[in-house]
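What follows is one structure encoded as structure tokens, with my remarks underneath.
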Amino acid sequence: MKVTPQSAILPEAGPFSLVCVFNLVGNKEKVIRQCQGLLETVKKLNHQHVSAGIHLAIGFGKGFWQQFELGCPEDFEEFIPLGSGDVTAPATGGDILLHIHSNRHDLNFHLLSCFLQPISSEVELLDETHGFRYLDARDLTGFIDGTENPKMQEARRQVAIIPDGEFSGGSFVMVQRFVHQLPAWHAVNVDQQEKIIGRTKIDSVELDDVPENSHVGRVDLKENGKGLKIVRHSLPYGTVSGDHGLLFIAYCAEQRNFREMLNSMYGEKDGQTDKLLDFTQAVTGGYFFVPSEAMLKQL
Ligand code: HEM
Ligand code: MG
């Protein structure tokens with residue numbers, strides 16, 4: 001079997017993204033056919049609009065995936081709620097995930113509306129978030145997001161794509177939508193903000209002494225001298241006067257890398273929590289499996 005990963009995973013995030021999570025409430029076959037048809041629709045749109053650069057990944061939650069007779073990728077778990085008090089991550093799950101990124105906000109919108117229109121009574125939308133690249137790839141906190149992301153195609157493949165076996169070409173995805181409390185963040189001076197992130201604000205240089213409870217201190221994990229890596233595609237979203245924050249989405253060949261990072265952020269590892277989480281709150285949380293293109297076509 002040719003193991004082409006779905007197209008959204010390896011390229012850098014385009015300037016516009018769309019992440020949509022929904023549950024199945026009606027006819028499963030109809031929805032699966034629509035998902036498969038979306039691959040063709042993307043091809044057609046990219047052909048019609050040569051600079052659109054539309055990339056797509058379709059993933060499935062564990063409960064939903066188990067309904068196929070394909071078996072389950074090893075170590076595929078549901079998202080479980082994490083944390084306590086004011087620092088919590090809810091588990092909102094979902095059966096199906098669509099991740100689109102491209103150069104065109106309008107085509108992302110168009111693609112999703114074409115997809116949903118014929119199956120609107122078969123699915124229940126849990127979240128639809130349109131993201132945009134902000135300034136020079138900054139999060140709304142003003143910090144550059146993605147500095148330590150694997151850059152080269154081959155490095156990204158090694159981190160994100162299951163290399164062999166039954167599920168080769170597949171990838172695990174984690175999604176969390178964060179709502180930022182920017183007034184509280186802006187009340188903190190830049191020196192303190194840098195200690196909360198673990199890098200400098202202007203140019204994203206790692207601090208000499210990365211605080212243990214900074215974001216980088218929590219997620220830059222090593223095992224036997226080797227860094228745990230993921231491929232992040234997160235982008236800011238929202239409106240100035242309403243909710244806004246980061247739509248976190250990342251891919252990995254091993255789901256446990258996400259669990260280790262989340263346990264470390266949410267105090268499940270050593271009781272320490274990520275200081276960044278005092279300024280942002282996750283409102284969704286889910287894990288999905290993105291099969292190779294060939295496997296998606298076989299469902
Ligand atoms: C690094 C922002 C959530 C994993 C960073 C950096 C920033 C950032 C500014 C430093 C620059 C870089 O290397 O990209 C945020 C914000 C988040 C968030 C604003 C949510 C509101 C998460 C979550 C995870 C995560 C939920 C994983 C579960 C990572 C990793 C790095 C990183 C692995 C690179 C660490 C290193 O190797 O130095 N993030 N992040 N982030 N973040 Fe996040
Ligand atoms: Mg590092």
Side-chain angles (χ1 to χ4, degrees), residues 12-13 19 77 79-83 87-91 129 131 133-151 155-156 159-160 172-182 184-185 188 190 193-223 225-238 243-252 254-269 273-287:
E12 289 276 342
V19 174
E77 291 183 11
F79 196 98
I80 53 163
L82 296 163
V87 178
T88 56
T129 301
R133 190 178 298 145
Y134 177 57
L135 305 174
D136 45 346
R138 287 171 194 269
D139 171 65
L140 299 179
T141 54
F143 281 76
I144 293 174
D145 189 16
T147 312
E148 286 292 318
N149 225 9
K151 292 279 172 334
R156 290 166 75 86
V159 170
F172 293 101
V173 197
M174 184 193 123
V175 179
Q176 273 185 306
R177 181 160 67 82
F178 287 90
V179 179
H180 290 359
Q181 284 94 53
L182 288 183
W185 178 253
V188 173
V190 170
Q193 289 182 352
E194 292 182 337
K195 291 195 168 78
I196 292 166
I197 297 292
R199 302 187 82 97
T200 59
K201 190 165 188 178
I202 298 288
D203 46 7
S204 197
V205 175
E206 195 170 281
L207 302 186
D208 288 335
D209 269 313
V210 175
E212 248 192 292
N213 60 5
S214 66
H215 180 55
V216 170
R218 291 284 94 193
V219 294
D220 189 5
L221 301 176
K222 290 204 171 50
E223 276 178 359
K226 203 167 160 259
L228 288 189
K229 296 280 177 197
I230 58 177
V231 170
R232 287 170 289 146
H233 271 268
S234 315
L235 284 179
Y237 74 90
D243 277 356
H244 44 240
L246 188 73
L247 190 291
F248 179 91
I249 178 164
Y251 293 86
C252 193
E254 291 189 61
Q255 201 197 43
R256 61 177 285 277
N257 290 14
F258 297 127
R259 297 197 298 265
E260 295 295 328
M261 288 175 194
L262 285 174
N263 285 340
S264 173
M265 288 174 71
Y266 284 93
E268 312 274 344
K269 185 182 168 195
T273 59
D274 186 327
K275 278 289 143 202
L276 179 58
L277 297 174
D278 294 349
F279 302 89
T280 188
Q281 169 69 50
V283 294
T284 70
Y287 286 128

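No hydrogens, no waters, no symmetry mates; every other heavy atom, side chains included, goes into these values. Ligands are counted one by one from 1 in listed order, and the atoms in each one are counted from 1 as well.
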Next on the checklist: I'd like to know whether ligand 1 has Thr141 as a neighbour, heavy-atom separation below 4.0 Å.
Outcome noted: no
Item to check | Gly146 neighbourhood, listing ligand 1 atoms whose heavy-atom distance to it stays under 4.0 Å | outcome: 12 (C), 14 (O)
Item to check | Per atom 6 (C) of ligand 1, closest listed option by heavy atom (Asp145, Asn257, Asp139) | outcome: Asp145
Next on the checklist: Show, in sequence, the C-alpha distance, side-chain angles and deciding distance for Asp278 and Val87, and conclude whether the side-chain contact (heavy atoms from CB on, under 4.5 Å) test is met.
Outcome noted: CA-CA 7 Å; Asp278 294 349; Val87 178; 4.0 Å; yes
Next on the checklist: Please state which option from Phe258, Phe143, Phe178, Phe248 has its nearest heavy atom closest to atom 27 (C) of ligand 1.
Outcome noted: Phe248
Next on the checklist: Within the 4.0 Å heavy-atom shell around Leu276, which atoms of ligand 1 are there?
Outcome noted: 15 (C), 16 (C), 17 (C), 19 (C)
Checklist entry - Short list, please: which atoms of ligand 1 are under 4.0 Å from a heavy atom of Thr280? => result 21 (C)
Checklist outcome for this item: A student checking ligand 1 against Val216 at a 4.0 Å heavy-atom cut-off should list atoms 38 (O)
Checklist entry - What atoms of ligand 1 come within less than 4.0 Å of a heavy atom belonging to Gln176? => result 26 (C)
Next on the checklist: To make sure I understand the geometry: which N, O or S atom in His215 is closest to atom 43 (Fe) of ligand 1?
Outcome noted: NE2
Checklist entry - Does Glu77 CD have over 12 foreign heavy atoms under 6.0 Å away? => result yes
Checklist entry - If you measure from atom 32 (C) of ligand 1 to every heavy atom of Glu148, Met261, Arg232, which option wins on shortest distance? => result Arg232
Checklist entry - Do Lys151 and Glu12 sit within salt-bridge range, that is, some charged N less than 4.0 Å from a carboxylate O? => result no
Item to check | CA sep, side-chain torsions, deciding dist, call: Phe172, Tyr287, side-chain contact (heavy atoms from CB on, under 4.5 Å) | outcome: CA-CA 7 Å; Phe172 293 101; Tyr287 286 128; over 6 Å; no
Checklist entry - Does Leu221 have a non-hydrogen atom less than 4.0 Å from ligand 1? => result no
Checklist entry - Can you say whether the rings of Tyr251 and His233 are parallel (under 30°), tilted (30 to 60°) or perpendicular (over 60°)? => result perpendicular
Item to check | Short N-O contact, Arg256 and Glu223, less than 4.0 angstrom | outcome: yes
Checklist entry - For atom CG of Asp203, is the number of surrounding heavy atoms from other residues, nucleotides or ligands below 6.0 Å larger than 12? => result yes
Item to check | Closest approach of Gly83 to Glu268 (non-hydrogen atoms, all atoms of both residues) | outcome: N-OE2, 2.8 Å
Checklist outcome for this item: Under 4.0 Å from one or more heavy atoms of His180, ligand 1 contributes atoms 21 (C)
